[in-house]
Structures are given as structure tokens and as C-alpha cells.
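So the structure is just underneath, and the comments pick up after that.
Just so we're clear, the structure is a prediction, and the values are computed from it rather than from any experiment.
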Amino acid sequence: MRAVAVSRLGAWIAVAVVASLVAPSIRPLDPTVQPLADAIALGCLAGGCGFLLLARRPIAASAFSALSRKRLLARSAVLTAKSAEEEAIWRGLVLGVLVPPLGPLGALASSSAFFAVAHVGRLGRRTWTHLATGSLFGMAYLVTGRIVAAMAAHSTYNVLVGVAVTDRADMSVLDTRHGLPRLVASESPSMGPRPMHETIATDSPPLALLEGVTKSFPSVKALDSVGFELRRGEIVALLGANGAGKSTAVSIMLGLRRPDSGRVELYGRDPRETSARRSVGAVLQDVGFPPGLRVRETVELVRAHFAHAASSDDILERLDLASVAGRHAGGLSGGQRRRLAVALALAGKPGALFLDEPTAGMDANARRSLLNDLASFAAGGGAVLLTTQQLAEAEAIATRIVVLAAGRVLVEGTVAEVKARGGLTKVTLRAGALPQLPGVGAVDSAGDRHVIYVDDADAFVTALVHSGVEFKELHVTPTSLEDAFVTLTGAAE
């Protein structure tokens with residue numbers, strides 16, 4: 001693997017050198033920029049400004065200290081080499097050839113458009129980022145007349161993108177994409193690594209997507225114009241009541257069912273193609289194992305289908321199955337069977353996981369360990385689509401929530417955004433009886449204990465005090481994801 005990486009790095013450098021030598025020279029728009037150092041400095045400034053404009057916020061200084069100096073230098077070298085190759089081709093050759101017939105600005109517009117169109121297959125609707133960055137790098141070249149200015153701008157931009165994902169990001173996620181992967185992981189005291197709910201948006205191409213997908217069965221319309229995406233570094237929690245369409249959506253994304261209409265892609269291809277599913281691990285609702293095989297034999301059977309599978313020992317240890325490796329798979333408990341199913345999904349070192357109720361039947365320790373593992377998997381550049389009825393799990397690890405109701409997307413956003421859409425605050429108290437008070441959305445009473453969901457907690461408590469009702473043990477807390485889910489889906493019924 002390292003030899004392949006070194007070979008690729010050398011190829012990028014060779015292409016950059018050759019293309020730079022054969023590229024036509026152009027007259028600089030600003031002839032005062034003469035020294036090579038000035039051109040490089042201007043390019044670095046342009047790349048940095050481009051990053052700040054395309055990112056929603058600048059990188060925190062702590063992100064630089066999070067990377068070791070050796071890793072930062074290695075990452076910067078790789079990104080600089082790839083940036084130099086692209087600039088030598090797109091700016092040195094393409095833009096340079098177009099300047100004589102079209103003029104500087106015409107050549108800039110045309111070459112930037114070609115640059116963006118060349119990446120449509122990977123980025124889809126987000127190709128505008130390549131149009132913006134291509135124009136920026138091309139302008140650096142036109143102003144100075146030196147291709148190194150464009151190379152400096154491109155490499156500065158990409159290095160800043162690389163730092164934005166911290167030292168836990170997978171290098172393959174960064175490569176040459178002009179997008180900003182998500183920042184990852186603060187710590188949750190209850191469930192381990194927790195993705196940040198306010199992150200820089202990612203412009204990497206979707207690994208899986210539904211767009212306007214409809215699917216009907218004889219007695220019900222399971223999906224009605226459903227659309228959402230799954231990208232690298234994400235844990236998307238697909239939530240909904242029983243019968244909302246979650247399993248149907250997952251089956252369509254995996255190519256197990258055909259949509260009646262709409263667009264579905266997996267790794268940019270039809271999910272029914274074997275090549276599209278090769279980098280996917282899945283755990284569906286109903287999982288069976290070959291009869292008569294022991295746990296280790298089952299693992300070895302599955303890993304034999306992958307060229308670069310993890311070792312059997314690593315797979316078993318990862319899901320705490322080493323102690324039952326010699327037992328028949330059919331004799332495992334419900335939680336152990338679920339852990340084995342997840343272990344098999346991870347056996348081929350997939351880039352994306354589709355997990356339908358993966359923690360069903362697991363004890364608390366096994367569930368917490370798996371959630372930590374999924375958070376680390378996404379932090380390393382993987383993607384997870386998770387369906388679960390355990391909303392506390394989704395709240396703990398999901399970077400994005402998609403709520404389905406009656407086959408439609410009811411709401412989509414971060415955990416904080418979905419909770420805000422619920423629009424209520426939870427108030428708990430003890431009292432003999434509650435009077436009629438304004439702003440009450442719902443009440444759940446058991447004896448003298450009342451849980452009230454209100455629009456305005458301050459106004460409610462003020463009205464409660466003025467009502468003269470005796471109460472005690474008053475607590476006002478923000479709604480949980482489960483509270484918001486109940487409120488939103490209840491209103492949709």
C-alpha cells in the first residue's frame with residue numbers, strides 16, 4: 001500500500017513538471033509581480049482567502065496543534081503534489097491554450113467551467129465549488145503569469161481542508177476534493193465519542209442517495225418522493241415509527257428492491273451492480289447464518305469474499321466474540337447474534353455501513369462499545385446509515401437526522417435542528433391537579449407527577465405561580481431528541 005502511494009505521488013510530480021514545461025507562456029495581467037517568491041506568496045494568500053470564503057467559519061488554531069508535525073508535513077506534501085499536477089494541466093495547459101483565441105477572461109471562464117464539468121460525476125450539484133476554486137486558481141495564474149502561483153493557491157486551499165478534518169481523518173477523504181469534510185468528535189460522558197452537531201458542511205460526493213424515490217406495495221405507499229444523501233464522515237440516523245418506510249428506503253439504497261420512480265445511487269452507480277455494493281457492509285432486520293457453521297467459520301466464510309479483509313481474530317475481538325468463536329452461530333443469544341452480524345458487515349473493511357437496529361438485544365456494555373466503534377469509523381472517513389428505535393443512541397452519535405412519517409421525509413437536519421423543530425420545552429413537577437394554562441402542547445400525568453411540554457417555559461412557570469396551585473420538584477429541561485420525535489410525528493398523524 002505504501003509503495004502504491006509513493007508511486008502515485010511520483011506520478012503526480014512527473015505530470016506536473018512535464019505539463020509545466022510544455023504549457024504555453026502567458027503575459028501577466030500585473031507585470032509588477034516579478035519575483036517567484038511574490039507569485040508564490042500571492043497564490044498562498046488567494047488559497048487561504050478561498051478557504052475562508054467557502055468555509056462557514058475559519059479553522060480553530062487548536063486544529064493545527066492536533067496534528068503531529070510529521071503527519072502535517074506528510075499530508076501537506078501529498079496535497080501539494082496533487083494540486084501541482086491539477087494546476088499544471090487545468091491552468092498551465094487548458095487555460096494557457098485558450099488565452100490566445102478567447103482572451104484572458106474568456107479563457108478563465110471557459111477553463112473553470114471545463115474544470116467543474118469534469119467533476120460533475122463525483123460531486124453532482126455541489127460542482128459549484130470547483131467552479132469557484134478553479135476561477136480563483138486561474139486568476140492567480142493570470143495575474144502573475146506564473147503557474148506556481150496557481151499551484152500555491154490550490155495546495156494552500158487543500159492543506160487547510162486537510163487540517164479541518166484533524167488528524168483522525170482518512171487521507172483518501174481529502175485527496176483532491178475541494179470540499180470541507182466534517183469536523184469530528186467531542187466526548188460524551190455517556191456514550192463515548194460524540195460528533196459535533198455544528199460542523200463545517202461537507203462537499204464530498206454522496207456515497208448513497210435517494211432523490212424523489214417512490215415505492216408502493218399492493219396495500220400501501222411505502223415511500224412518497226423521498227430524498228436524502230449519505231456522505232463520508234457522516235452518521236445519518238434514519239428515524240420513524242414502524243411502517244414509516246425506513247426498511248424500504250434502506251433496501252432500495254442497497255439494490256435489494258427497485259423504486260417505482262426516482263433516482264437512487266450507491267457509490268455513483270446503480271446499487272444493483274455488484275461493483276457498487278463491494279465497499280458496503282450491511283446489517284438488515286432479519287439476519288441468518290449458514291446452518292452448522294461455528295462463529296469463527298462463519299467469519300472466515302464471509303471474509304473470504306474480500307481481497308483485503310480484516311483478519312478473523314481482529315473481527316472477533318472487535319465485537320467481543322472471541323470467547324464464543326467455537327460455538328455454533330445458531331446457538332448464540334440474540335445480542336451475540338446481532339454482534340456477529342455487525343462483525344460480518346465490517347469484515348471487508350467497507351467504506352459505508354447500513355445498519356438496521358444494530359444494537360437490538362445487546363447489553364449496555366456491548367451497545368456502548370458498538371456506538372463508540374461507529375463514531376470512530378465515521379471519524380476515520382467512513383459513512384454510516386443507522387435506523388434505530390433507540391433515539392438516545394441516535395442523539396449520542398448521529399451527525400444528521402432524517403425523520404420519515406407515512407413514507408415522506410418529515411424533517412432533516414442536525415440533532416439540534418430537529419430538536420428545535422420540535423419547538424417545545426419539557427417541564428416536570430408534582431402537584432395535585434393542573435389548571436388550564438396557556439402554551440401547553442402536551443401533558444403526561446401519573447398520579448401527582450406531571451410532564452408538560454410547553455412553547456414558552458418562562459411564561460408557563462409564571463402562569464403556574466399566578467394560578468395559586470401548590471407544586472413542588474419543578475424542573476425545566478430542554479427536550480430530548482425523543483421528545484422532539486414524538487412531537488413532530490404526532491403532529492404529522
Side-chain angles (χ1 to χ4, degrees), residues 116-117 119-131 177 179 182 201-277 279-280 282 284-285 351-356 383-388 394 398-415 417-418 421 485 488-489 491-493:
V117 169
H119 294 84
V120 167
R122 290 195 312 174
L123 295 184
R125 290 170 296 177
R126 297 178 182 268
T127 307
W128 68 268
T129 57
H130 276 68
L131 185 62
R177 298 187 174 102
R182 292 183 181 275
T202 174
D203 286 320
S204 63
L207 300 187
L209 69 84
L210 297 179
E211 189 174 274
V213 168
T214 298
K215 179 65 178 179
S216 296
F217 297 102
S219 60
V220 66
K221 178 174 279 189
L223 298 176
D224 186 2
S225 299
V226 167
F228 62 89
E229 300 173 343
L230 176 66
R231 298 177 181 274
R232 296 184 189 273
E234 286 192 320
I235 300 179
V236 175
L238 183 61
L239 307 179
N242 291 333
K246 304 186 301 297
S247 296
T248 301
V250 172
S251 296
I252 289 175
M253 295 180 92
L254 290 174
L256 303 177
R257 293 185 184 276
R258 293 187 180 185
D260 297 333
S261 62
R263 175 181 168 216
V264 53
E265 288 186 359
L266 185 62
Y267 279 91
R269 299 184 289 276
D270 187 324
R272 290 169 293 174
E273 296 180 14
T274 302
S275 59
R277 297 197 296 255
S279 296
V280 172
L284 302 182
Q285 278 186 330
L353 288 173
F354 290 73
L355 306 177
D356 196 348
V384 181
L385 180 66
L386 171 71
T387 68
T388 180
T399 57
R400 191 154 50 87
I401 303 290
V402 178
V403 179
L404 293 181
R408 285 180 171 271
V409 174
L410 180 62
V411 61
E412 179 178 357
T414 65
V415 170
E417 290 167 346
V418 173
R421 285 285 298 273
F485 174 82
L488 291 166
T489 55
E493 293 178 352

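Taking each heavy atom of Ile252 and Pro271 in turn, the nearest pair found is O-CG, 3.6 Å. The two residues Val236 and Glu229 come nearest to each other via the heavy atoms CG2-O, 4.1 Å. Minimum heavy-atom separation, Ala208 to Leu266: CB-CD1, 3.8 Å. Nearest heavy-atom pair across Ala276 and Asp270 is CB-O, 3.5 Å. Across every non-hydrogen atom of Thr399 and Gly233, the tightest pair is CG2-O, 4.3 Å. Heavy-atom minimum distance, Met253 versus Leu385: SD-CD2, 3.7 Å.
Atom-to-atom distance recorded for Phe228:CZ and Leu209:CG is 9.5 Å, nearest 0.5 angstrom. One distance of note links CZ of Arg258 with OG of Ser251; it measures 14.5 Å at 0.5 Å rounding. We find the CD-CG distance between Glu265 and Leu207 to be 11.5 Å, quoted to the nearest 0.5 Å. With rounding to the nearest 0.5 Å, the separation of OG in Ser279 from CG in Leu353 is 11.0 Å. With rounding to the nearest 0.5 angstrom, the CG atom of Leu238 is 10.5 Å from the CG atom of Leu230. Distance check: Ser216 OG to Leu223 CG gives 8.5 Å after rounding to the nearest 0.5 Å.
At distances below 3.5 Å, at least one donor-acceptor pair connects side-chain atoms of Thr214 with backbone N or O atoms of Ser225. A donor-acceptor pair under 3.5 Å links the side-chain atoms of Lys246 to the main chain of Ala241, judged by distance alone. Side chain of Asp224 to backbone of Arg408: no donor-acceptor contact under 3.5 angstrom is found.
In this structure the side chain of Leu284 reaches within 4.5 angstrom of the side chain of Val250, judged on heavy atoms.
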Item to check | Derivation and outcome, side-chain contact (heavy atoms from CB on, under 4.5 Å), residues Val280 and Tyr267 | outcome: CA-CA 9 Å; Val280 172; Tyr267 279 91; 3.9 Å; yes
Next on the checklist: Pair Val409, Val411 - check side-chain contact (heavy atoms from CB on, under 4.5 Å), show working.
Outcome noted: CA-CA 6 Å; Val409 174; Val411 61; over 6 Å; no
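A side-chain donor-acceptor contact under 3.5 Å links Asp356 and Thr387.
Within 6.0 Å of CZ on Arg269 lie more than 12 heavy atoms contributed by other residues, nucleotides or ligands.
Between Glu234 and Arg232, no side-chain nitrogen of the basic residue sits less than 4.0 Å from a carboxylate oxygen of the acidic one, so the salt-bridge criterion is not met.
Figure legend: cation-pi geometry between Lys215 and Phe217, with NZ or CZ positioned under 6.0 Å from the six-membered ring centre and within 45° of its axis.
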